[in-house]
Amino acid sequence: MSDNQKTKMIVDKDLTLAQVSDDLYGSFIEHLGRAVYGGIYQPGHPAADKDGYRTDVLNLVRELKVPIVRYPGGNFVSGYQWEDGIGPKEKRKARLDLAWRTLETNQFGLDEFAAWAQKADTDVLMAINLGTRGIQDALNILEYCNLDTNTYWAGLRRKNGHEKPYGIKHWCLGNEMDGPWQTGHKTAQEYGRLAAETAKAMKTLDPSVKLVSCGSSSVDMPTFPDWEAITLGEDYDYVDYISLHTYYGNNENDTDDFLAKTQDMDRFIHTVISVCDYIKAQKRSRKTMMLSFDEWNVWFHSNQSDNKYMEEHPWTVAPHLLEDHYTYEDAILVGLMLITLIKHADRVKIACLAQLVNVIAPIMTEENGPAWRQTIFYPFLHASLYGRGTALQPVVSGGKHDTKNHEDVTDIDSVAVYNEERNEVTVFAVNRTDYAVDFEADVRSFEGYKVREYLALEGCDLKAVNSAESEAVAPVTRTDYQMDKGIFQTQTKPYSWNVIRFGL
């Protein structure tokens, strides 16, 4: 090995953390910008199928193996009248969406999304409107989606051509209800009571559903973490998850501090877990509350232009909003965020990269051209493909550094996942420094395992972006490593995402 800073990692099959939920690799489609219209749905496009779904987008979603997709919001859901998006399209009502100041045509709605999800081989995480609506509306949409009774809403679904219930298992009880920007914004006491009564009614109608209570919109909210404590004090017994949302940006153009922000993400998760466990103790409950990290990503590139557009061009259909073009350094942070989620696999059971297509997304589309992969597509792809199984408790020693706003930042952040069915263990490691770091992984507990594949994102200009014409950022296969008697050694490049797959 060289004289560079060195990080050592011990990977032991007996040091298990938790089973990684497949739903950790979920995503999100909101009626916002071009996520739906011009994203997943574009009748008349050369790649559209007979139902108007873009097959080029479907192929990329299937490539990512996304297991669950949250829909239809987001801020949009807090004013959404879901009935406008079902039935004959010529009879559907256009509505003004207050969340994003756009015109919603309702030519794509619940039934279309359920059909799209089936084509995409994914489940639905349905969000209901607890901003301008409440318990009865929640029961109506649940009946429409999940019941096979001889009653009005179930009968209307059949009349609309959908004989079998959709069987949607996971439901969000509103969205970011502590946010003053939210239509129907509520205090913690107001939301907690409404969520509790809605949850009780929904589980009476369909006991199989799993429900997500709204957490704070952001760790920076003045309501955090009191909001979590107060709302869970009301609905703890009736819900199954509490939500977390976070986005990071690099407005100061400080790469090292930007890549240290997963320290904040880790602290955020620990704080929410602490509140959940406090309420569990307070209630003498045997139930452990799980976490749904159902919005996370990098988001900052387009903020200024988006705000200006919504102010100057309100009430347009599917405008270009939140279309961040992601850089190489954004992809490295997304890799770090995925590692953080895996490290908390014991409590984070759902996570949704926000969003999936065009809107702060790994997949972009050209209106009259192809769909293409943004830089962040690749770490998400690798984690989804190789991060399923049992998360192992990492034992890591190595160098640390300080940044402008963070201390003791590990030079390399890493985690391992063991897939017993495939006889494979995968190490995910990010070098978040501007220097090469020697990396050693001790996998001797996996007797006979050799390197199957070593993939990396490395060596790119930090501000490099992909486009429909070219991929400046794409994975490479590395062979310059050593493996002897169960000890793997390599030199990770500065600012790099590394995926090392070991197997028999």
Side-chain angles (χ1 to χ4, degrees), residues 1-17 19-20 24-25 63-65 331-332 334-336 338-339 341-343 345 377-399 410-433 435-460 473-504:
M1 301 293 281
S2 72
D3 294 329
N4 292 322
Q5 188 65 258
K6 183 175 180 179
T7 293
K8 294 183 179 181
M9 179 183 190
I10 298 173
V11 181
D12 194 308
K13 67 165 55 178
D14 292 326
L15 295 179
T16 60
L17 176 64
Q19 186 72 16
V20 179
L24 203 70
Y25 307 112
E63 184 181 340
L64 289 172
K65 295 190 181 300
I332 300 303
V334 165
L336 286 160
L338 286 159
I339 288 172
L341 291 170
I342 294 169
K343 284 182 177 180
F377 184 97
Y378 289 108
F380 188 76
L381 171 69
H382 296 155
S384 179
L385 293 182
Y386 310 124
R388 305 190 190 214
T390 302
L392 302 177
Q393 184 68 55
V395 180
V396 182
S397 60
T410 55
D411 290 352
I412 287 185
D413 198 14
S414 60
V415 74
V417 178
Y418 172 44
N419 190 308
E420 186 174 10
E421 185 179 338
R422 295 201 299 241
N423 283 315
E424 181 173 282
V425 62
T426 300
V427 170
F428 301 99
V430 170
N431 177 352
R432 52 179 157 191
T433 71
Y435 45 86
V437 176
D438 292 332
F439 180 67
E440 178 179 298
D442 181 340
V443 295
R444 284 177 293 177
S445 76
F446 294 91
E447 190 173 350
Y449 275 38
K450 306 294 183 185
V451 177
R452 284 184 175 171
E453 186 177 35
Y454 179 5
L455 298 167
L457 294 177
E458 60 184 26
C460 296
V473 178
V476 297
T477 299
R478 288 188 55 175
T479 57
D480 55 334
Y481 57 83
Q482 298 174 347
M483 183 82 180
D484 184 42
K485 297 179 181 178
I487 305 293
F488 169 88
Q489 295 178 320
T490 193
Q491 186 181 89
T492 61
K493 299 289 180 65
Y495 301 126
S496 61
W497 160 257
N498 303 270
V499 182
I500 307 111
R501 300 170 58 213
F502 303 92
L504 287 173

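Residue numbers run from 1 in the order of the sequence given.
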Q. Would you say Met483 and Val443 make side-chain contact, with heavy atoms under 4.5 Å?
A. yes

Q.
Looking at every non-hydrogen atom in both residues, tell me the closest pair between Trp497 and Val430 and how far apart they are.
A. CE3-CG2, 3.5 Å

Q: Please confirm whether the backbone N or O of Tyr25 pairs with a side-chain atom of Ser384, one donor and one acceptor, at under 3.5 Å?
A: no

Q: Please answer whether the main-chain N or O of Val437 pairs with a side-chain N or O of Thr492 as donor and acceptor at a distance below 3.5 Å.
A: yes

Q) Tell me, do Leu392 and Asp12 make a side-chain contact under 4.5 Å, heavy atoms counted? A) no

Q) Quick one: CG on Asn423 to CG on Leu504, what's the gap to the nearest 0.5 Å? A) 4.5 Å

Q) Any side-chain heavy-atom pair from Thr477 and Leu455 closer than 4.5 angstrom? A) yes

Q: Any chance you could measure Ile10, atom CD1, to Ser445, atom OG, to the nearest 0.5 Å?
A: 10.0 Å

Q: Search all heavy atoms of Val499 against all heavy atoms of His382 and return the closest pair with its distance.
A: CG2-ND1, 3.8 Å

Q: Locate the shortest heavy-atom distance separating Phe377 from Glu63; write the atom from each residue and the value.
A: CE2-OE2, 3.7 Å

Q. Heavy atoms, side chains only, cut-off 4.5 Å: are Phe428 and Leu338 in contact?
A. no

(Q) Donor-acceptor pair, distance only, cut-off 3.5 Å: does the side chain of Gln482 make one with the backbone of Thr490? (A) no

Q.
With a 4.5 Å cut-off on side-chain heavy atoms, are Val427 and Val11 touching?
A. yes

Q: Could you tell me whether a side-chain N or O of Thr433 sits under 3.5 Å from a main-chain N or O of Asp411, the two making a donor and an acceptor?
A: no

Q | Lys65 side chain reached by Leu385 side chain, heavy atoms, under 4.5 Å | A | yes

Q. Does the side chain of Arg478 come within less than 4.5 Å of Asn498's, by heavy atoms?
A. yes

Q) Shortest non-hydrogen contact from Ile412 to Ala429? A) CG2-CB, 4.1 Å

Q: Start with the C-alpha distance between Asp438 and Glu440, add both sets of side-chain angles, then the distance that settles side-chain contact (heavy atoms from CB on, under 4.5 Å), and finish with yes or no.
A: CA-CA 7 Å; Asp438 292 332; Glu440 178 179 298; over 6 Å; no

Q) So, for Pro379 and Leu457, which heavy atoms are closest and what is the spacing to 0.1 Å? A) CD-CD1, 3.8 Å

Q. Are the aromatic ring centres of Phe502 and Phe446 under 6.0 angstrom apart?
A. no

Q: Output the distance between atom NZ (Lys8) and atom CD1 (Ile487), rounded to the nearest 0.5 Å.
A: 9.0 Å

Q: Look at the side chain of Asn431 and the backbone N and O of Ser496, then say whether any donor-acceptor pair between them is shorter than 3.5 Å.
A: no

Q) Does any non-hydrogen side-chain atom of Arg422 lie less than 4.5 Å from one of Arg501? A) no

**Q.** Under 3.5 Å donor-acceptor, Arg432 side chain and Thr410 backbone
**A.** yes

Q. Any sub-3.5 Å donor-acceptor pair from Asn419's side-chain atoms to Arg388's backbone N or O?
A. yes

(Q) Donor-acceptor pair, distance only, cut-off 3.5 Å: does the side chain of Asp442 make one with the backbone of Arg444? (A) yes

Q) What closest approach, in Å, do Pro394 and Met9 show between heavy atoms, and which atom pair accounts for it? A) CB-CE, 4.2 Å

